[in-house]
**Student:** 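Have a look at the structure that comes next, please.
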Amino acid sequence: MAFRASPQGLGIVERARIRKNWTKAAPQWLEAAYTSEATLRRFWRREPIKQQTFQDICAAVNVNWQEVVEKTKAIAPDSNFVGREKAINDLNQLTAQGAKLILIQGEGGIGKTTLARYYFDTQGFDLLIKLHIAIERENIISVELAIEEWLQYYFESEPGREFGITLDRLRRKLQSSKPKIGILIDRLETALQRGRLISQHRCYAELLRMLGNPSLNCLTLITSREQLWEPAVIVKTYRLAGLSEAAWEEFFCSHQVEIDTAALKEMHHGYAGNAEAMCILANAIRLDFAGNLHAYWQENRHDLLLDPTLENLIEGQFDKLNGDYRQAYQLLCRLGCYRYQEIPTLPKAALLSLLWDVPAPRRERVIKALRDRALIGWDDGGYYLHPVMQAKAKERLKEKISNEKEQSQEWLLANRVAAQFYLELYEAEKVGSEKSLKYAFEAIEHLAVIKDFEECCNVLLFQVLAPDKIENLRGTANLWNHMSRFISSSEKIINHLSGIKKALLFIPLGTIYSEVGKNSLALKISEQILTITNQKIDLEQQVNFARMSAYSIAGKTYRYQGYLHKAEVACQQVYKIALKSGKNYWQALAFYGLGAVYLEKAQPRKALRNFLAAAAYAKLGGITQELKRELKKLLRLLFNPKIEQIAEIQQFFQKYNQNQQEDRIKKFNILWNIARCFNAMKSFEMAKNVLDLTQRLLKPEDNNQQCLLALELAIYYSGKKQIQLAQEWYQKALDLSVNQGEKWSIAYPLQCYANWLYSQSQYLEALEKYRQLEKLLRETEFWSMQAYNYYYLGITTLQVNPQQQQQADKYLKKARKIATEIGLVFSKSVEDEAELFHVK
């Protein structure tokens, strides 16, 4: 515990000294208080000294120390000093191990100097000697002058005529000193270049070597942004990390800042826990935003360098690196091209690839230079830039565009190299894996930045979708499992393309637009594809497939909107083109689209014929006479199945389903729809057999398909009157849908579950689900679903509370209005139920 005297207390001691006729450093006083002259001088300067020494000094002149000590008694903890308990313990551990010279290293503003000062103030040091290295190199004082001042001021000793003699005198003073001495050498990085002391201040190395002598009764703490690499200097390096999020919260609370957890988390991450940033931000939030952290972050989150002090702090680090080590500076700037979002850390190979102009044997040294200066973060996962450093690095790299023509290519080249690096990782990974697709999408981001839209398109079409045949543009596992990413990437580049390549990219984009509720855009894409393919293009197969896909997109969109007649007409156009092509798989797509329309029109038998035809035409090897005979036989069995024939039917599907993982999503879609038909026809055993086959196709990452499978199993168990199992599968489907993000994939399970709850007379639970669905559908174009949902909202409201007739009427009017607009005719059972409740 450290004490210091109050101004009034010094007056009491001064009067007691005069009564004894002692000087301020009388030998009798030093002897009575068991202390040194230096410590007594610190007492008179009101600097903190050890508690026992403070009490002995007062007792020697017959004064009560409690009347002398500062009112707060012990030095009060600094309210600006938070979250460094571990650092204090770590420094104590180093000193216990015999360290005499410790370098506290970290980025600018991280809190190195604050930590060092606090350590000396609180760990029982009797004397603190400070040497602050000037920020500008030309202003650094010579080490000779510094040591001379130390000897004269702290030890009342004269320096020698030569530096060596002066240094030796200081060594002897530090060896023989009884008080515990702390030495702080602050901002050493100014005097360093690549870890070595610059030529005009080489004598500092001699001082540091001496201060590392284990025989000295002192501890030296050095603060520096850079590592120290001086031969024969025995120094322990302590890397200081940013403050924890909890420390930021504690600090903000103590400075009257209202905490918003989410904003605080983002802010802490953006500034990497930097202590100086914390202080600056807390002040700005308190003064300019009345302590409202959320409001501050909403306005300033997109400009981490808005505060001039923060920007100058970062600028200084970049400028010094540029002057000391040009190649390391270039690497730091080039690292600004990476995004650190989907892939937050980079392997070392990513950094090495950016050093294209550095000889291979020296590249590791350049990376090490950034690590030694704490300008780049790293952990077991790899290397990264914190957002504030990344913002400045990117800014500097892009600034070069306006400076020199040669430099303007560096931004382009850095992104080109980054894209190529990710594509190489993509090739090295298992194609289709989650990690490989992340690499592919990152490559697209870099290519889009440099406006290489043709190459973006190539990566999307031929690597993300990985079509070994053109039909895969209509949908692969990669497309269905990464819809949002695909849409985001496609929308960045589609308007920069032309001709057949634009039409081909439109195909997957239009296919999934309707899944996310963008049906008008899907129809617009259908029209644009037809416009492009009406132009004279020599690639006949691609043109025909694009035209067929345009009608298929329209058919699906009309089906989702509820225009079932238009959907059927569009799907018939698909069939005409497919039939003319003579290609089996194209015909499979046509039959599939028609089956989906007929199933929506509540014609499951007709739908089943089309889905079975789709399955047959999609079979590898194409249609054979044998397959046609099997298909005819199967159709007869399916519509009048007997128990003994189920095994024969299942054998057909297993034969179709050979090589399960090949085109697994396409196979799943067909088999799942076949199972839907059987459930609709109340052929539940047949449905279960087919669902068992579909289950084998899926992988854990096929979240959308897992959800659809769970829904159909719920319908199966409900049909079998196994209500508990049915509810469990409905809930599982709902749980799976939550994380998908695509509106249809969330809305469809919610609608199915709500309808089932209604059928089980669980009206209150059903009403809650219908209300959730109403909110979800507000910004979509799933008009048929909206119509049915308003209808069920109306009748369920009455089931829960018959007094709410007026509200029910409003819902039913909305339902009929939408139904009239899209030509939807409610089934007779629906109309009868509405009549039963007197809903008009």
Side-chain angles (χ1 to χ4, degrees), residues 72 74-91 104-122 132 135 184 186-187 223 225 239-318 340 374-375 377 384-393 395:
T72 54
I75 302 302
D78 186 350
S79 63
N80 292 329
F81 190 87
V82 293
R84 290 301 188 196
E85 294 81 5
K86 182 179 183 301
I88 295 292
N89 290 335
D90 290 343
L91 291 177
I104 303 175
Q105 190 234 339
E107 66 185 65
I110 203 72
K112 303 180 293 293
T113 303
T114 302
L115 172 63
R117 287 173 176 166
Y118 190 85
Y119 183 81
F120 284 131
D121 283 347
T122 60
H132 297 290
I135 295 175
L184 171 60
D186 194 27
R187 291 195 302 262
T223 70
R225 296 177 184 177
R239 295 188 187 276
L240 187 62
L243 290 165
S244 68
E245 186 180 330
W248 271 47
E249 182 173 350
E250 179 185 344
F251 181 86
F252 281 2
C253 286
S254 69
H255 287 73
Q256 292 79 52
V257 172
E258 182 183 345
I259 298 300
D260 177 282
T261 304
L264 177 65
K265 188 178 188 65
E266 289 183 21
M267 190 181 294
H268 175 267
H269 174 70
Y271 292 100
N274 187 280
E276 187 168 346
M278 175 186 72
C279 296
I280 293 169
L281 293 169
N283 192 51
I285 295 168
R286 185 173 56 82
L287 294 178
D288 301 334
F289 288 82
N292 190 326
L293 187 151
H294 177 79
Y296 172 88
W297 192 237
Q298 285 297 109
E299 185 166 324
N300 298 294
R301 66 192 302 174
H302 299 299
D303 188 356
L304 299 178
L305 297 171
L306 181 67
D307 187 280
T309 306
L310 283 175
E311 182 165 27
N312 291 337
L313 178 68
I314 303 297
E315 288 278 7
Q317 297 180 75
F318 275 79
Y340 310 97
L375 294 173
Y384 58 93
L385 289 182
H386 285 291
V388 68
M389 292 297 290
Q390 194 255 353
K392 178 53 65 177
E395 180 184 297

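Here the structure is a predicted model, which is why all the values come from computation and not from measurement.
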**Student:** First locate atom CZ of Phe81, then atom OG1 of Thr122, and finally report the distance between them rounded to the nearest 0.5 Å.
**Tutor:** 7.0 Å
**Student:** Listing request: all side chain to side chain donor-acceptor pair (under 3.5 Å) pairs with a residue in residues 269-281, at least two apart in sequence or in separate chains.
**Tutor:** Glu107-Asn274
**Student:** I need the minimum non-hydrogen distance between Leu313 and Gly108, along with the two atoms involved.
**Tutor:** CD2-O, 3.6 Å
**Student:** What class does the angle between the rings of Trp248 and His268 fall in, given that below 30° is parallel, 30 to 60° is tilted and above 60° is perpendicular?
**Tutor:** perpendicular
**Student:** For Ile135, give me all partners under side-chain contact (heavy atoms from CB on, under 4.5 Å), at least two apart in sequence or on another chain.
**Tutor:** Arg187
**Student:** Can you run down the side chain to side chain donor-acceptor pair (under 3.5 Å) pairs that involve residues 280-293, sequence neighbours left out, and say none if there aren't any?
**Tutor:** Asn283-Arg286
**Student:** How long is the gap from CZ on Phe252 to CE on Met278, to the nearest 0.5 Å?
**Tutor:** 7.0 Å
**Student:** Any chance you could measure Ile285, atom CD1, to Gln256, atom CD, to the nearest 0.5 Å?
**Tutor:** 12.5 Å
**Student:** I need the minimum non-hydrogen distance between Leu304 and Trp297, along with the two atoms involved.
**Tutor:** CD2-CH2, 3.6 Å
**Student:** Do Leu293 and Met267 have side chains that approach each other closer than 4.5 Å (heavy atoms only, starting at C-beta)?
**Tutor:** yes
**Student:** When you compare the side chain of Ile314 with that of Leu305, does any pair of heavy atoms fall below 4.5 Å?
**Tutor:** yes
**Student:** Which pair of heavy atoms, one from Thr309 and one from Ile280, lies closest together, and at what distance?
**Tutor:** CG2-CD1, 3.5 Å
**Student:** Quick one: list whatever passes salt bridge (Lys or Arg N to Asp or Glu O under 4.0 Å) with Glu266, sequence neighbours left out.
**Tutor:** Arg301
**Student:** Nearest 0.5 angstrom please: Ser254 OG to Glu249 CD, how far?
**Tutor:** 11.0 Å
**Student:** Going from CG on Asn89 to CD on Glu85, what distance comes out if it is rounded to the nearest 0.5 angstrom?
**Tutor:** 8.0 Å
**Student:** With sequence neighbours excluded, tell me which residues meet salt bridge (Lys or Arg N to Asp or Glu O under 4.0 Å) with Lys392.
**Tutor:** Glu311, Glu315, Glu395
**Student:** Keeping Lys112 on the side-chain end and Leu240 on the backbone end, is there a donor-acceptor pair under 3.5 Å?
**Tutor:** no
**Student:** What pair of heavy atoms forms the shortest contact from Ala284 to Tyr296, and how long is it?
**Tutor:** CB-CE1, 4.2 Å
**Student:** Taking atom NE2 of His255 and atom CG of Leu281, what is their separation to the nearest 0.5 Å?
**Tutor:** 12.5 Å
**Student:** Considering non-hydrogen atoms only, spot the tightest contact between Phe251 and Cys279 and give its length.
**Tutor:** CZ-SG, 3.7 Å
**Student:** Sequence neighbours excluded, which residues qualify as ring-ring contact (aromatic ring centres under 6.0 Å, His included) partners of Tyr384?
**Tutor:** His386
**Student:** Under 4.5 Å between any side-chain heavy atoms of Thr113 and Ile104, yes or no?
**Tutor:** no
**Student:** What heavy-atom pair brings Ala241 and Ile110 nearest, and what distance separates the two atoms?
**Tutor:** O-CG1, 3.6 Å
